Each structure stands twice: as structure tokens, then as C-alpha cells.
Amino acid sequence: MQTVNNSNTSSVSPQPSAFSPVINRDPYLVIENVSKVYPSAQGPCTVLDGVNLTVYEGEFICLIGHSGCGKSTLLNMVSGFNKPTHGEVRLQTATIREPGPDRMMVFQNYCLLPWMTAFDNVYLAVDSVFPDKPHKEKVAIVKEHLAMVGLTEAADKKPTQLSGGMKQRVAIARALSIRPKVLILDEPFGALDAITKEELQEELLTIWREHRVTVLMITHDIDEALFLADRLVMMTNGPKAKIGEILNIPFSRPRNRAQIMENPEYYNLRNYALDFLYNRFAHDDE
Ligand SMILES: Nc1ncnc2c1ncn2[C@@H]1O[C@H](COP(=O)(O)OP(=O)(O)OP(=O)(O)O)[C@@H](O)[C@H]1O
């Protein structure tokens, strides 16, 4: 089993896994020496302390860690909705200072506009990023992306008429319709039942392969991370959370869930991650 201990902040650039379908080996997204201090009633609270991570183009990265350790804070600094107190985040060498259409987020609670149909929710995003494209072309982009997530028939339905899985499909179609470089997913399948979750994991892998998008995804589910990721980034507990270790996930692609679960390495990795979370960095509440 290949792990990278990142607790030494000088190890900025662990190489991508040999099994990872990365597009090239130049650093693509770089989180460099990032710390975040929030004000609190008890004084300044350092949530993240010296986080370093280099992501390569086309990688699928999962991030795991106990509740409150700062996973969303970290990914919000990639999206540009939050800023590091120290350090910086760069995409293709440009420092990230604000949100932009090259980095799209998908959240657990879908964030769809309830008064609009699935079609209009996606169209709104396409129209705001490509205002100068002809209407016909924008409609074609929306249709292509709704078809990609199997929602052609549901295009005219509003969010209240869609299941949780369908709403998350719309959110994914919306995020990808504007062709981001990085797709950031914050526990996207956390509210879904087990069967829908597995279906969406498979669909996400297909879309990721076809779009060649770089993915950063927060999850609390180790099995989900082992099925999806090239690398699993495991965070230590906050305050002053860091990246504790990074696991390279060596399963070849395209992945087959049944085959992976027959592989003894799956259980080695699973036990290693469980030990990290529940013994070495056990949460006080658990
Ligand atoms: N805007 C803010 N101001 C002050 N404190 C904040 C702010 N945002 C987050 N925090 C605190 O920072 C810590 C990390 O929060 P964050 O949401 O990043 O953790 P997380 O690992 O994503 O948690 P979860 O898994 O529960 O979503 C928490 O203690 C939280 O209360």
C-alpha cells in the first residue's frame, strides 16, 4: 500500500499515483502552505494550519476527515468563496482570489432555484457564462448536459417534482455545462439512499472520464472514496488541521465495484483509512 505522509509541510508535491489517468504531470492546482484563522468568541481560531496539496490535471481527489476539521473551508478556498489567511491556492499558476466559472461547486443540498424547471436551472448557468453565444447553441448545450445525466424526459419539471437523485443530476449537469476546469463536490451524495448513491457514483465516473475534468470531492464515506478517487486525502482533526496522509488508490480504470470489492487491497486500504480516522485521529465525540 502506497501512502504519502504529508505532515511535514515541505512535502508539497507528492506525485500522482502510477494508476491515475492524469493528463500531464505539471502541477495543476496547488494549495501552498494554506492556513485559515476565523474569529471566534474565544479569540482567533486557527482551523487549518499549513496545508499543502498539489493536484494534477484530470485527477480525481477525495477528501476525508472528521466533521469540523475544515474540509469545506479548504475547498471553498479553491472555489474562491473563502480566502486563506496565509498561503495561497493557484490554478495553472494563477492565484485564486475570487469565484470563477473555471471552478464549479456541487453541494449536498442541490442549490437549485425552486421556481425554475431543470432545463431553466441549467440554462441560467450557461447564459450567465456564455451570454454572447446564440440562443440555439445555449439550448443545445443544456440539452446535451441534461441528456448526459439521463434527464431529457424531466427537463420541464421543477425541483419539487424531482427525486433527490434527479435534483443532484441537475446540479451536476449545471456545473459541467459551463465546462469548468475543476469540479468541486461537497458531500454531493450524502443525502441520497444507498442505491441512488451507487448509481450516481457510476455516472460521475463516466462523466469525469468523458469530460476530463479535475475533481475534488469531500465525502464521509470511505467506500465511496475508494471506488472513485485516484488519491484519498485524509485530514487530521482541527483546530490546526493538516493533511495527515494521502492514500494512492491503485485500482485500474474503468472501475468495477464488484471486482474492487474482491481485491484484498481494498480491505487493506479501507482498514488503513478507518484506523486513521477512528484510532489515530479519533474525534473527541466518538
Ligand atoms: N465563517 C466562519 N466563521 C467562523 N468559523 C467558521 C466559519 N466557517 C467555518 N467555521 C468553523 O471552522 C471549522 C471548520 O468548518 P468546516 O465547515 O470547514 O469543516 P468541515 O470539515 O467541512 O465540516 P463538516 O464535515 O461537518 O461539513 C468549524 O469549527 C466551523 O465552525
Side-chain angles (χ1 to χ4, degrees), residues 6-7 9 29 31-53 55 60-89 96-99 103-111 164 167-168 171-172 175 182-192 194 197 200-201 204 215-229 231-247 270 273-286:
N6 206 45
S7 53
T9 53
L29 176 72
I31 296 171
E32 190 170 275
N33 210 15
V34 160
S35 301
K36 182 71 191 180
V37 182
Y38 285 124
S40 80
Q42 291 75 41
C45 175
T46 303
V47 171
L48 296 169
D49 187 20
V51 174
N52 289 293
L53 179 68
V55 178
F60 198 126
I61 299 285
C62 279
L63 197 66
I64 209 160
H66 286 290
S67 183
C69 72
K71 302 178 294 295
S72 299
T73 296
L74 186 63
L75 293 203
N76 280 333
M77 292 193 271
V78 177
S79 69
F81 287 112
N82 203 333
K83 286 191 171 70
T85 310
H86 304 289
E88 65 172 6
V89 185
I96 292 172
R97 299 183 200 282
E98 58 188 4
R103 290 153 282 129
M104 285 302 289
M105 284 198 83
V106 172
F107 301 94
Q108 181 174 350
N109 59 359
Y110 324 118
C111 297
K167 282 188 263 207
Q168 201 52 294
I172 291 170
V182 181
L183 180 64
I184 302 163
L185 303 144
D186 193 343
E187 272 197 85
F189 308 142
L192 303 178
K197 185 173 178 171
L200 274 167
Q201 289 167 356
L204 178 62
V215 175
L216 296 182
M217 173 168 158
I218 295 174
T219 178
H220 281 110
D221 180 341
I222 292 173
D223 295 301
E224 176 169 87
L226 293 179
F227 180 57
L228 296 176
R231 290 190 289 156
L232 171 56
V233 173
M234 301 191 293
M235 297 193 59
T236 65
N237 294 338
K240 297 194 174 178
K242 289 176 183 293
I243 292 173
E245 283 189 32
I246 300 175
L247 286 183
R270 193 173 191 279
L274 285 170
D275 181 58
F276 179 94
L277 288 173
Y278 298 109
N279 291 324
R280 291 164 59 199
F281 290 97
H283 210 263
D284 293 344
D285 307 340
E286 283 153 4

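No experiment lies behind these values; they were computed from the predicted model shown. Numbering of ligands and ligand atoms starts at 1, following listing order.
- Backbone and side-chain nitrogen or oxygen atoms of S67 are examined, and one is located within less than 3.5 angstrom of a nitrogen or oxygen of ligand 1.
- Heavy-atom contacts of V47 reach the following atoms of ligand 1: 12 (O), 13 (C), 14 (C) (cutoff under 4.0 Å).
- Considering every non-hydrogen atom in both L185 and L75, the closest pair reads O-CD1, 4.4 Å.
- For an aromatic pair to be called close, the ring centres must be under 6.0 Å apart, and Y278 with H66 satisfies this.
- The protein heavy-atom contact nearest to atom 23 (O) of ligand 1 is G68 N, 2.8 Å.
- Atoms of ligand 1 found under 4.0 Å from any heavy atom of H220 (numbered from 1 in listed order, with element): 25 (O).
- Nearest heavy-atom pair across N52 and N33 is OD1-N, 2.7 Å.
- With a 4.5 Å cut-off on side-chain heavy atoms, V233 and I61 count as touching.
- Nearest heavy atom pair, residue L200 against residue Q168, reads CD1-CB, 4.3 Å.
- Annotation: atom 17 (O) of ligand 1 to nearest protein heavy atom, S72 CB, 3.8 Å.
- Proximity annotation for atom 20 (P) of ligand 1: of K36, K71, E187, K71 comes nearest, heavy atoms only.
- For the pair S35 and G50, the tightest heavy-atom approach, listed with the atom from each and the gap, is OG-N, 3.0 Å.
- Taking each heavy atom of L228 and Q201 in turn, the nearest pair found is CD2-O, 3.7 Å.
- The protein heavy atom nearest to atom 18 (O) of ligand 1 is T73 OG1, 2.6 Å.
- Atom 30 (C) of ligand 1 is not flagged as protein-proximal [any protein heavy atom, distance under 4.0 Å].
- Heavy-atom separations between G65 and ligand 1 are all 4.0 Å or longer.
- Shortest non-hydrogen contact noted between S72 and D186 is OG-OD2, 2.9 Å.
- Here the heavy atom of the protein found nearest to atom 9 (C) of ligand 1 is Y38 CE1, 3.5 Å.
- Where the criterion is an N or O separation shorter than 3.5 Å, residue side chain and backbone included, G70 meets it with respect to ligand 1.
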